[in-house]
Amino acid sequence: MTADLKYGYQLTVVDVNHDGRPDLIAVDEAGTELAWYENPGWQRHVIATGLKRMLNLACNDIDGDGVPEILLGHHFETRPDKSLGILALLEHRGDPRGMWSVREIDRIPTLHRVRWADINGTGRKVLVATPMVGMNGYAPNFEDNVPVYVYRPGEWKRKLISEDARGILHSIYPFDWDGNGRQELLTASFRGIRLLRPAPGGAWTAEELAKGDPSPCPKCGSSEIVVGRLGKRRILVAIEPWHGNQVVVYHRRSKAWQRQVLDDTLLNGHALAVGDLNGDGRDEIVAGFRGKGYKVYIYSSEDKGGKRWKREILDDGGMAAADCKIADFTGDSRPDIACVGAGTHNIKIYESR
């Protein structure tokens, strides 16, 4: 679709211009321009310039005008003493194809992930923001606890809800785990996969679901986490360890999550998505890596229980996938795949056949 990125990191699927079609916003870690790409012609529109070391953003229509506001983390560095970690609010000025306003909200050194979550089940989401490491976390083992913060739109006051993660907190995933309409938070860190739940009084509790890769840190724990389904059965899907080589599926059996390694050949694994690509009621897994040899794979369960999986190559050498998303980009009611490349500097859409 495009090859104009310096070093792609994140891809967000959102209807930017309120025309009913999913557009794409690409975070270019090494660039200074934030841009969105308009479906169906994929014209590039610059949102803002002069933004250094962008890493993550999240979209939500706060004011109800049909166009999402953007919360962006930029000025990222891995060292807390070198990272400004600016959290900024971006708002359109009437035409989303034009330049947007940028307003700093907060600063969190090593700000790494921002997500919206409906933690009260009311539809009024809060912003979740997490640094990659704690304020005293330095290589090689980054030995410090990592905070998780929430912000309520309009107030934009930082509230600490957890310091359960330790080492590298790489991924946070809002999900209605208990099926009550409220989203909990799954985290992937050196401590593995953990579930954060809100509790009475504003405190949050943490539950260990899986320890992740059992190797010594920093090659330990989990890096990416998503939730999928095989029919009615829930599965956890992870890349392990941090920026790791493994695609892992966890199955709930005998009151514990049992670890199944599907692949251990990735090099700097980073992109992970799940979705039912073939309509059989079982989610496929899309995973890609940023290391040389660049490949994006699709993993499909060959049985209802997920005991046997087959791997197919989606892209061989043309996509150093940092992030992939599954959505219907063509309007044919079938899921497509979009990925953004780091060392390949590109965005590609793989259309369903």
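Source: prediction; values computed, not measured.
A perpendicular orientation is assigned to the rings of Phe329 and Trp42, their planes being inclined by more than 60° (bins at 30° and 60°). The aromatic rings of Tyr9 and His270 sit perpendicular to each other, their planes meeting at more than 60°, with 30° as the lower class boundary. By the 30° and 60° cut-offs, the orientation of the rings of His170 relative to His243 is perpendicular. Using bins of under 30°, 30° to 60° and over 60° for the plane-to-plane angle, the ring pair Phe175/Tyr173 lands in the parallel bin.
Figure legend: cation-pi geometry between Arg166 and Phe190 absent, as NZ or CZ is not positioned both under 6.0 Å from the six-membered ring centre and within 45° of its axis. Taking the ring centre of Tyr297 as origin, the terminal cationic atom of Arg311 falls inside the region bounded by 6.0 Å and 45° from the ring axis.
Residues meeting the side-chain hydrogen bond (donor to acceptor under 3.5 Å, both in side chains) test with Asp176, sequence neighbours left out: none.
Between Asp178 and Glu184, some side-chain heavy-atom pair lies under the 4.5 Å cut-off. Leu277 places a side-chain heavy atom less than 4.5 Å from the side chain of Val286. Side-chain atoms of Tyr350 and Cys339, non-hydrogen and from C-beta on, do get closer than 4.5 Å to each other. No side-chain heavy atom of Asp23 sits less than 4.5 Å from a side-chain heavy atom of Val13.
Look at Arg194 and Asp164 and you find a salt bridge, because one of the NZ, NE, NH1 or NH2 atoms lies within 4.0 Å of a carboxylate O, short of that distance. For the pair Glu207 and Arg197, the salt-bridge criterion is met [side-chain N within less than 4.0 Å of a carboxylate O]. A salt bridge links Asp106 with Arg158: at least one charged nitrogen is closer than 4.0 Å to a carboxylate oxygen. Salt bridge absent: Arg21 and Asp15 never bring a charged side-chain N and a carboxylate O closer than 4.0 Å. Of the charged side-chain nitrogens involved, at least one lies within less than 4.0 Å of a carboxylate oxygen, so that Lys325 and Asp323 count as a salt-bridged pair. Between Asp118 and Lys125, no side-chain nitrogen of the basic residue sits less than 4.0 Å from a carboxylate oxygen of the acidic one, so the salt-bridge criterion is not met. Checked for salt-bridge contact, Glu77 and Lys52 miss the test: no charged N lies under 4.0 Å from a carboxylate O. Salt-bridge formation is not detected for the pair Arg334/Glu351: no Lys NZ or Arg NE/NH1/NH2 atom is positioned less than 4.0 Å from an Asp or Glu carboxylate oxygen.
Open room surrounds CZ on Arg182; 12 or fewer heavy atoms of other groups in view lie less than 6.0 Å from it.
Here the options are Leu314, Ile347, Val340, Asn346, the test is side chain to side chain contact (heavy atoms under 4.5 Å, CB included), and the partner is Met319; only Asn346 passes.
In this structure, His112 has its ring center under 6.0 Å from that of Phe76. Between Tyr151 and Trp116, the ring centre distance reaches or exceeds 6.0 Å.
When all heavy atoms of Ala117 and Val128 are compared, the pair lying nearest together is CB-CG2, 4.0 Å.
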